[in-house]
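Nothing here was measured: the structure is a model prediction, and the numbers come from that model.
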Amino acid sequence: FGKSLDGTGKGRFLYWLKSTAITSGVLLAWLLYKEPSLGYWMAIAIAVLISAVVNLVRSQWVFLIP
């Protein structure tokens, strides 16, 4: 998934974006399964926010300038 990552800022941003999209999709499915009363739009917002922060912390080198 990230093995052929180039060193450009655009490449690192796209890697973070792909990771966030995949993580938020999985988290959204889990949230809708566990908390159906939460609502679709609220679950989307929570999933995207949590996955964006987690992926940024997990790979904090993403936005560093080389």
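Between Val54 and Thr23, every side-chain heavy-atom pair lies at or beyond the 4.5 Å cut-off.
With values rounded to the nearest 0.5 angstrom, Thr20 atom OG1 is found 12.5 Å from Ile50 atom CD1. Atom CZ of Phe13 is separated from atom NZ of Lys18 by 12.5 Å, given to the nearest 0.5 angstrom.
For Ser24, there are no side chain to side chain donor-acceptor pair (under 3.5 Å) partners two or more places apart in sequence or in a different chain. Residues forming a side chain to side chain contact (heavy atoms under 4.5 Å, CB included) with Leu32 (at least two apart in sequence, or on another chain): Leu28, Tyr40, Ala43.
A donor-acceptor distance shorter than 3.5 angstrom exists from the side chain of Asn55 to the backbone of Ser19, with no hydrogens or angles considered.
Under the 4.5 Å side-chain heavy-atom criterion for Ile, Leu, Val, Met, Phe, Trp and Tyr, Trp30 and Ile46 are members of the same hydrophobic cluster.
The minimum heavy-atom distance between Leu27 and Ser51, with the atom names listed, is CD2-N, 4.4 Å.
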